[in-house]
Amino acid sequence: MAFIDFKKKELQVKIVYYGPSRGGKTTNLDYVYNQMDNRLKTDMVSIKTHGDRTLFFDFLPFDIGQVMGYDLKIMLYTVPGQVKYNATRKLVLRGVDGLVFVADAMEIRRDYNIQSLENLHENLKEYNINIYNLPVIMQYNKIDLNDQGIPLLSQETLESDLNSDLQAPSFRASALQGDNVIQTLKRIISLTVMNIKNDLQ
Amino acid sequence: MSNSNKQKDITPEELEKRLDEIFGGGQEESQSVEEQNLLGNLESAVLTMDWELSDETVKAFLSELSSLKASLSGDKLQANFLKILQSLGKYIQKRKAEAEPETINLLQTVFADFKKVAESEDLSRKQKKEILVKNIEQYNALKSKIAEDKRGKGADYRAEDAGAATSSQESSEDSAGSREPETIQSAQYSEAAESPEAPETSDDSDVAEKLTASSEQIGTSGDKTVLEAVEELKEVVREEFSRLRKDLGVQDPKK
């Protein structure tokens with residue numbers, strides 16, 4: 001359930017970009033940030049490690065209007081993908097309202113995607129969150145690598161590995177080039193906001 | 001986000017439209033052209049006022065200002081420039097020839113800075129805020145000067161003050177223009193001087209505020225997950241320092 005600040009009459013919607021290390025979660029947020037209308041632009045918080053990896057999480061907030069008389073604030077987070085940072089990932093997941101699972105479409109990353117999805121299931125279980133009740137979007141990232149001759153997983157394989165149970169809406173995307181990045185975001189916001197609205201009613 | 005967008009609950013279609021506004025959905029170009037035209041009209045009105053200060057020219061200025069204000073309500077920083085201009089315009093409208101002579105100069109300066117902020121692609125948000133703060137300070141200085149001059153006028157003026165003060169308590173945007181100089185000292189202080197300062201605090205503290213809010217959302221101290229994450233973070237920081245030392249060729253003081 002979204003966090004409600006009764007004093008400010010504000011509804012904070014938390015959307016987390018989850019997925020394997022180096023899958024393109026931060027690149028998604030970077031692209032979103034760069035695409036935002038300058039007049040509405042907010043600050044994005046991003047803390048990187050020595051090797052330009054996400055240290056704690058990335059954070060990008062913005063307002064989108066009202067629901068049930070409350071100002072709606074969308075808060076986008078990423079998690080650190082590296083396996084060893086599980087406590088941080090778990091922490092970021094707390095209070096999540098919507099999820100984008102950013103899978104790496106490269107063939108060699110197949111196992112990492114599956115492990116990351118299993119890790120997501122486990123971490124959500126700790127908060128008694130059933131992923132099947134949560135708005136989720138699957139994003140199969142790095143499709144642009146196909147042009148460079150890098151072997152990619154087929155859509156069927158990705159769906160079968162990651163989405164056969166969930167049956168979540170999915171997008172083939174290139175976070176680097178921006179293909180389907182905004183579409184992914186719009187879809188998860190729509191699903192999440194409408195889900196919250198239904199809960200509140 | 002414009003105020004018009006906040007008046008009612010979101011339907012899926014409206015949500016889609018709003019997201020298009022935020023991330024661009026084909027409307028951006030025509031909107032910016034419209035804004036450019038409005039800015040040009042306002043500039044003409046300012047120049048006309050400089051040439052001839054009359055009821056008509058001030059009215060035209062305030063009218064152009066209202067159009068631009070509606071169009072820019074999503075940008076707090078620019079909206080605050082417009083609030084200062086509006087306060088000055090309404091004061092001039094009421095006092096006419098008796099208005100403090102510096103007012104029209106300040107109005108031109110504020111407009112020039114507003115135009116710079118609105119049109120420049122090179123200025124950072126921080127630089128724009130600095131320009132706004134400078135304008136607020138100049139506005140406040142003029143406000144103080146008018147207050148001092150008024151106090152100097154003595155008892156004859158007090159009867160007029162009393163009437164104006166009463167009307168300022170019944171403030172509304174439309175009636176503000178019919179008020180005496182109190183408009184710029186009291187009611188408009190809250191409208192133009194306090195509000196313009198708001199972005200200075202809200203913009204800078206926004207992230208910290210949001211992080212605080214999100215950390216509250218994430219958990220409280222003593223929570224097992226939080227403690228684990230903190231330990232994890234400490235370990236990462238240690239690793240980062242260790243790599244940095246290695247890069248700099250500095251030995252770990254503990255070793």
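The sequence lines fix the lettering, A, B, ..., with proteins before strands; numbering per chain opens at 1. All values derive from a computational prediction rather than experimental measurement.
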Are more than 12 heavy atoms from other residues, nucleotides or ligands located less than 6.0 Å from atom NZ of Lys134(B)?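 Atom NZ in Lys134(B) is packed in, count exceeds 12.
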Please indicate whether Tyr112(A) has more than 12 foreign heavy atoms, meaning atoms of other residues, nucleotides or ligands, lying under 6.0 Å from its OH.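 No - once you tally the heavy atoms of other residues, nucleotides and ligands closer than 6.0 Å, there are 12 at most.
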Search all heavy atoms of Leu15(B) against all heavy atoms of Val193(A) and return the closest pair with its distance.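 Heavy-atom minimum between the residues: CD2-CB, 4.0 Å.
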In Å and rounded to the nearest 0.5 Å, what is the CZ to CG distance from Arg18(B) to Leu72(A)?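 If I round to the nearest 0.5 Å, the distance is 8.5 Å.
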When rounded to the nearest 0.5 angstrom, what distance separates CG in Leu19(B) from CD1 in Ile64(A)?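 Output value for this atom pair is 5.5 Å.
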Need one label for Leu185(A): side chain, backbone, both or neither, based on atoms under 4.5 Å from any heavy atom in chain B.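 When you check distances to chain B, only side chain atoms of Leu185(A) fall under 4.5 Å.
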Derivation and outcome, side chain to side chain contact (heavy atoms under 4.5 Å, CB included), residues Asp20(B) and Lys186(A): CA-CA 9 Å; Asp20(B) 280 342; Lys186(A) 281 181 178 176; 2.3 Å; yes
Who pairs with Lys9(A) by salt bridge (charged side-chain N to carboxylate O under 4.0 Å, His left out), at least two apart in sequence or on another chain?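 Partners of Lys9(A) under the salt bridge (charged side-chain N to carboxylate O under 4.0 Å, His left out) test: none.
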